[in-house]
Amino acid sequence: MIESALKQDLSRAFSACYDINIPADEISIQPTRREFEGSHTLVCFPYLKQTRKSPEQTAEGLGSWLVENSVVVSGYNVVKGFLNIVVEDSSWLQEFSGILASENYGNFPDRKEEVMIEYSSPNTNKPLHLGHLRNNFLGWSVAEILKANGYSVHKVQIINDRGIHICKSMVAWQRYGDGETPAETGKKGDKLVGDYYVRFDREYKTEIKELVEQGIPEEEAKKEAPILKEAQEMLLRWEQKDPEAVHLWERMNGWVYSGFDQTYKQMGVDFDKLYYESETYLLGKEEVLKGLEKGIFFRKEDGSVWVDLSKEGLDQKLLLRSDGTSVYMTQDIGTAILRFRDFPEIIRQIYTVGNEQEYHFRVLFLILDKLGYSWAKECYHLSYGMVDLPTGKMKSREGTVVDADDLMNEMIATAEEHTRELGKIEGFSGEEARELYEMVGLGALKFFLLKVDPKKRMLFDPNESIQFQGNTAPFIQYTHARISAILRKAEQLGISANEVPETGSLHEVERMLINMLGDYPGRVAEAGQNYAPDIIAQFVFDLSKEYNRFYQEISIFSEDDEELRTFRVALSAVVARVIRHGMSLLGINVPEQM
RNA sequence: GGUCCUGUAGCUCAACUGGAUAGAGCAACUGCCUUCUAAGCAGUAGGUUCGGGGUUCGAGUCCCUGCAGGAUCACCA
């Protein structure tokens, strides 16, 4: 509110001092750098042509007018063409009491608009890994941020449950599994199925080698290896709905799903609706055939169906193979259409998928547009960079993946170790302690993955990446725990923090904190527009940092002035509230004590 | 080769959309626990913002060009 008041007053100042008309909402104010006095800065250079004065004179004129005529301004200083404005303490207090009173601070009113966001979307032949963690945390957090912005959000995923990759695991299990099940081995279902996928690859390579030794050329051997033939036959039988194949497929996918559920639960990630490729690929095929009839697509001599995107600067893209079977793109066409049928009210669909698929989504959106779906232009590919390891790229076939479950458990164990070393768990029950380890360990992981601009690829070094000091979740959680301790004490002392004095002399850090708190809704909006959890992460860190400065420099309970003491408790309470809110947008919980 | 993304302190990242002397964290070094939690605070040191041009009062940010890294351009998913 201070900012908009300042803009109004500046607009008036421009017209009073220089007789020029600049609407308030066209004036841009930036935060004053720390080394100068004041909180808000007007850069005067852009207005010089209209004021016809030097930068200093322009700033000087506006500043002195503001001090005389604006109720929020108590002082100013001019450095070159920069007008630094000092805001009246009573205005800060008024601003703060507004924030204190607003119940839903950080949430915007219902916009009556629906959006859909997709994330995770794994294959069912291998367990989730570090890349999925970035994907899931990003998608889930963006969903929360959009909710805070007043959208109603549907969280979905498409499960790639059919295709040759599944059949590979099935064949390997049939051959070598000896009836093994998750229940009897105690192994998570997704892990068990993943192991057979790896086993397939190993046996496949062995068979190729044997064939090559028998004098068959390598290219041919790759096609003729018996185990691969078996997998292809399996896929064919599945597509023909052979009961045995379908039964095995259902059984093994079931194992995978229960394994995934466990992982999602620990991640704190969920979905409102699941889509299965096995249920959407046929619709995609129908749509392609319809498009063919309408002349949007064309058929080549061999019977394959294509779309020509050369007018759009791309090339031709295959939609149906010559044998009539569908490809990845076909399935995604079907899925998109099905989703808009299921949820006719959604205005946008957001796909959280790695940046290696940027081309794919450009093509997909173009095709949907060509098919005449008006919503195609509103689809958005939320693209993010890969997570690299010090050893290079993760490759599941080479075993250089960081498994999601392993990593989360390691994080929790490290958090426990750290906490014990610091001796921070006196008075905790076993259950409470475990909750804390999980909160801190998973929080550190999520924050690490979310604080970075999604576009950027990032390096994950298992030994060094996760820290508990500095720009990390534990630092922020710790700040929240500190405030909680203060609030507990205030309650004991009978200080209720609902009333804020109207006047009083504030400390620089207190002004800064109120200023930052006032910024928060704007940051939530910005994060929503840009699908950018990193903006929230950065904000919550900055706020925590500032609070710790306050905590260090200013004593609350030894303050003699009762009103000031109450104000400081209230300020602390609001900071804690905003930290909690911001962290919840990232999917991170904060403790009362640590 | 075409298209897209990225390049900022030794490392990981910021920089409010073109503003002041480019900021944080980690790592290194120096201080601060008899006070509301030291997972903290204060400080020192660390930079040719990949190079070269241009646009203007002003460029890490915009334009051109070169360099480096990555992704992608499949009858794979």
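This structure is a prediction, so every number in the text was calculated from the model and none was measured. Reminder, nothing fancy here: chain letters follow the sequence lines and each chain counts from 1. Heavy atoms only: backbone and side chains are in, while hydrogens, waters and symmetry mates are out.
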### Message
Taking 4.0 Å as the cut-off, does a side-chain nitrogen or oxygen of Arg488(A) come that near to OP1 or OP2 on rU37(B)?
### Response
no
### Query
Salt bridge between Glu37(A) and Arg511(A), side-chain N to carboxylate O under 4.0 Å?
no
### Task
Check whether any side-chain N or O of Arg362(A) sits under 4.0 Å from OP1 or OP2 of rA71(B), and answer yes or no.
no
### Task
Taking only the side-chain nitrogens and oxygens of Tyr478(A), find out if one of them lies under 4.0 Å from OP1 or OP2 of rA39(B).
yes
Polar-atom pairs under 3.5 Å, protein N or O versus N or O of nucleotides 9-13 of chain B: list them with distances, or write none.
none

### Task
Taking only the side-chain nitrogens and oxygens of Arg33(A), find out if one of them lies under 4.0 Å from OP1 or OP2 of rA22(B).
no
### Partner set under side-chain contact (heavy atoms from CB on, under 4.5 Å) for Ser496(A), not counting sequence neighbours
Asn498(A)
### Message
Enumerate the side chain to side chain donor-acceptor pair (under 3.5 Å) contacts for residues 446-458 of chain A, please, sequence neighbours excluded, ordered by first and then second residue.
### Response
Asp388(A)-Arg457(A)
### Query
Is the base of rU17(B) syn or anti, if syn means a glycosidic angle within 90° of 0?
syn
### Message
So is the aromatic ring of Phe475(A) stacked onto the base of rA39(B), judging by whether the centres are under 5.5 Å apart and the planes are under 30° apart?
### Response
no
### Message
Please classify the nucleic acid contact of Pro55(A) as base, sugar-phosphate, or nothing, using heavy-atom distances under 4.0 Å.
### Response
nothing
Determine all donor-acceptor pairs shorter than 3.5 Å in which one atom belongs to a side chain in residues 523-533 of chain A; sequence neighbours excluded.
| from | atom 1 | to | atom 2 | distance (Å) |
| --- | --- | --- | --- | --- |
| Arg523(A) | NE | Glu526(A) | OE1 | 3.4 |
| Asn530(A) | ND2 | Glu526(A) | O | 3.0 |
| Tyr531(A) | OH | Arg348(A) | NH1 | 3.2 |

### Task
Only counting residues at least two apart or in another chain, list the ones meeting salt bridge (Lys or Arg N to Asp or Glu O under 4.0 Å) with Glu233(A).
none
### Query
With sequence neighbours excluded, what pairs up with Asn160(A) under the side-chain hydrogen bond (donor to acceptor under 3.5 Å, both in side chains) test?
Asn123(A)
### Query
With a centroid cutoff of 5.5 Å and a plane-angle limit of 30°, would you call Phe45(A) stacked on rG19(B)?
yes
### Task
Measure distances between side-chain N and O atoms of Asn84(A) and base N and O atoms of rA20(B), and say whether any donor-acceptor pair falls under 3.5 Å.
yes
### Message
Show me, range against range, the stems involving RNA chain B, built from at least 3 consecutive Watson-Crick or G-U pairs below 3.5 Å.
### Response
B:1-7 with B:67-73, B:10-13 with B:23-26, B:28-32 with B:40-44, B:50-54 with B:62-66
### Task
With sequence neighbours left out, write down each residue that passes salt bridge (Lys or Arg N to Asp or Glu O under 4.0 Å) with Glu562(A), or none if nothing qualifies.
none
### Query
May Phe82(A) be described as stacking on the base of rA20(B), applying a 5.5 Å centroid limit and a 30° limit on plane angle?
yes
### Query
Can you list the residues that meet the salt bridge (Lys or Arg N to Asp or Glu O under 4.0 Å) rule with Glu358(A), with sequence neighbours excluded?
none
### Query
Looking at Lys80(A), does any N or O in its side chain come under 4.0 Å of the phosphate oxygens OP1/OP2 on rU21(B)?
yes
